[in-house]
Amino acid sequence: MTPFELEEPVLLGAALALLDPEDSSVRAIAGGTALMLMMKSGLYRPRRLVSLRKLAPALDGVRSAPDGGIEIGAMVRLSDLRRSAVVRAAAPVIAETLLTHSNVRVRNVATIGGNLAQGDPHMDLPPVLIALGASVRLAGPGGERIVRVEDLLTGYLETVIANNELITAVIVPPQTGWRTAYAKVTARSADDWPALGLAVSVRVEAGIARDARIAIGAATETAMRLPGTEALLAGRAIDDALLQEAGRAAAAEAPVVADHHGSASYKRVLVAVHLGRALRQTIAGAER
Ligand SMILES: Cc1cc2nc3c(=O)[nH]c(=O)nc-3n(C[C@H](O)[C@H](O)[C@H](O)COP(=O)(O)OP(=O)(O)OC[C@H]3O[C@@H](n4cnc5c(N)ncnc54)[C@H](O)[C@@H]3O)c2cc1C
């Protein structure tokens, strides 16, 4: 491995100053679970790593917001997120998703900030956070900006985060009236990387889907919403025929790609089947 600098700032401003807007080989390191794999494989050769560990007190914790939403510090570890009573009360689908996320060794060090910044389409949380309408707080030398998770991820391992910006928190808005479910479909064990991740949020009144947010990951180049399928559901009475129609529409709309988890045609069948199942869960009130 080529030698590199390791900095451990204790203040956010110092961390931002150590990043280099012109040099993507200077990066933050949080849990290191994704970064170390890329370094070991030679995919990434750092000039400097800026550890966020000593900033953790400022970027830690899960807080209830006055509007009923929650704010999750970027350095919150996935295992703490899974156990958080605040998360379980406000958005239990996040905690449930983490039950089959990787393994306890990874969850004990991986952070939510690193999870989103990596921009890996195979991650479980991005579609869930998109369906929940979540945003991230980004800090940079010029101040702060808020970006919706659905706008954060732009392609395979690509995000809108500038080289000298850091995610400081994830904001989940209040979920009053919404129900959310996540279908993780793996080709091997339940805690493997997903072949398909499908998150569905619906606001149902008297059997009618008033609003829907549907997000797909793993089967596509990046996690994304399926607006055509969302529009098809809006204002319709939910019955078996609609669920099947929505499944077919999502399979046609999603720009599915083949990878070592399965062919594109296999994944389209998964989308068609699991969208109906996930919707049925939300309607039954069995929020996962
Ligand atoms: C064995 C294994 C199994 C896995 N299985 C799954 C799975 O089933 N499902 C799943 O979804 N994922 C899985 N993962 C992926 C795992 O979720 C990610 O590796 C992890 O979430 C990344 O977080 P981290 O804190 O370790 O990030 P790091 O590795 O520290 O960083 C990742 C990237 O994010 C950047 N970064 C980190 N923090 C910030 C920040 N606050 N602001 C801006 N940029 C930042 C870094 O510069 C780097 O580019 C698995 C990983 C492993 C190693």
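Counting convention: from 1, in listed order, for ligands and their atoms alike. Quick caveat, the model's predicted, so the values are computed rather than measured.
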Stepwise side chain to side chain contact (heavy atoms under 4.5 Å, CB included) check, L233 with L279:
CA-CA 10 Å; L233 288 168; L279 279 167; 4.1 Å; yes

V106: heavy atom below 4.0 Å from ligand 1, yes or no?
yes

Give yes or no for whether the N/O distance cutoff of 3.5 Å, strictly under, is met between I161 and ligand 1.
no

With S189, which residues qualify under side-chain hydrogen bond (donor to acceptor under 3.5 Å, both in side chains), at least two apart?
D191

Taking the cut-offs as 6.0 angstrom to the six-membered ring centre and 45 degrees off its axis, would you call R48 and F4 a cation-pi pair?
no

What residue and atom, counting heavy atoms only, is the protein's closest point to atom 49 (O) of ligand 1, and at what distance?
R27 NH1, 3.2 Å

Does the N or O separation between A34 and ligand 1 drop below 3.5 Å for any pair?
yes

Work out whether the distance between some heavy atom of T168 and some atom of ligand 1 is less than 4.0 Å.
no

Less than 4.0 angstrom from a charged side-chain N to a carboxylate O is my criterion; do R77 and D60 meet it?
no

From atom 4 (C) of ligand 1, work out which of G114, G217, S102 has a heavy atom at the shortest distance.
S102

For atom 20 (C) of ligand 1, the closest protein heavy atom turns out to be T33 OG1, 3.2 Å

Atom 48 (C) of ligand 1: nearest protein contact (heavy atom, Å):
L35 CD1, 3.5 Å

Taking the basic N atoms (NZ, or NE/NH1/NH2) and the acidic carboxylate oxygens, is any pair closer than 4.0 Å for E8 and R53?
no

With a 6.0 Å cut-off (strictly less than), is the heavy-atom count around CZ of R45, excluding the residue itself, greater than 12?
no

Return the orientation label for the W193 and H122 ring planes: parallel under 30°, perpendicular over 60°, tilted otherwise.
perpendicular

Going by the order shown, which atoms of ligand 1 are within less than 4.0 Å of some heavy atom of Q118?
32 (C), 33 (C), 34 (O), 48 (C), 49 (O)

What verdict does the salt bridge (Lys or Arg N to Asp or Glu O under 4.0 Å) test give for D20 and R47, after you've listed the backbone C-alpha separation in whole Å, the side-chain angles of each residue and the deciding distance to 0.1 Å?
CA-CA 10 Å; D20 185 336; R47 176 166 71 79; 3.1 Å; yes

Return the closest protein heavy atom for atom 39 (C) of ligand 1 as residue, atom name and distance.
L52 CD1, 3.9 Å

Purely on distance, is any nitrogen or oxygen of A74 under 3.5 Å from one on ligand 1?
no

Per-atom contacts, ligand 1 versus I167 - under 4.0 Å to a heavy atom
40 (C), 41 (N), 42 (N), 43 (C)

Considering the options L132, V200, T282, V87, which one meets the side-chain contact (heavy atoms from CB on, under 4.5 Å) requirement together with V93?
L132

Considering the options L153, N115, I112, V136, which one meets the side-chain contact (heavy atoms from CB on, under 4.5 Å) requirement together with L129?
I112

What protein heavy atom sits nearest atom 21 (O) of ligand 1, and how far off is it?
N115 ND2, 3.0 Å

Test: R225 and E230 ion pair at under 4.0 Å
yes

Using a heavy-atom cut-off of under 4.0 Å, does the side chain or the backbone of D192 touch ligand 1, or both, or neither?
backbone

Per atom 9 (N) of ligand 1, closest listed option by heavy atom (L37, L55, D124)
D124

Hey, does M39 sit under 4.0 Å from ligand 1 if you only count heavy atoms?
no

May I ask you to list the atoms of ligand 1 that are less than 4.0 angstrom from any heavy atom of L166?
42 (N), 43 (C)

How does T111 reach ligand 1, by side chain, by backbone, by both or by neither, if only non-hydrogen atoms under 4.0 Å count?
both

Looking at ligand 1, does any of its N/O atoms fall within less than 3.5 Å of an N/O of M36?
no

Is the NZ or CZ atom of R213 positioned over W178's six-membered ring, under 6.0 angstrom from the centre and within 45° of the axis?
yes

Would you call R82-E96 a salt bridge at under 4.0 Å N-O?
no

What is the nearest protein non-hydrogen atom to atom 46 (C) of ligand 1, stated with its residue, atom name and distance?
A28 O, 3.0 Å

Distance-minimising heavy-atom pair for A223 and P126:
CB-CB, 3.9 Å

Please determine whether a side-chain nitrogen of the Lys or Arg among R280 and D240 lies less than 4.0 Å from a carboxylate oxygen of the Asp or Glu.
yes

Checking a contact table here: which protein heavy atom is nearest atom 51 (C) of ligand 1, and how many Å away?
W193 CZ2, 3.6 Å

Check: K184 N/O within less than 3.5 Å of ligand 1 N/O:
yes

Just heavy atoms, cut-off under 4.0 Å: does R77 contact ligand 1 by side chain, backbone, both, or neither?
neither

Would you mind telling me if ligand 1 is within reach of the side chain of D191, the backbone, both or neither, using heavy atoms under 4.0 Å?
backbone

Counting from 1 in the order shown, the ligand 1 atoms closer than 4.0 Å to a non-hydrogen atom of G31 are 24 (P), 25 (O), 26 (O), 30 (O)

If you have a sec, work out which protein heavy atom is nearest atom 45 (C) of ligand 1 and how many Å separate them, to one decimal?
A117 CB, 3.4 Å

Got an N/O contact under 3.5 Å between G32 and ligand 1?
yes

Does the pair M39 and L49 meet the rule for a side chain to side chain contact (heavy atoms under 4.5 Å, CB included), with working shown?
CA-CA 11 Å; M39 286 165 64; L49 288 181; 4.1 Å; yes

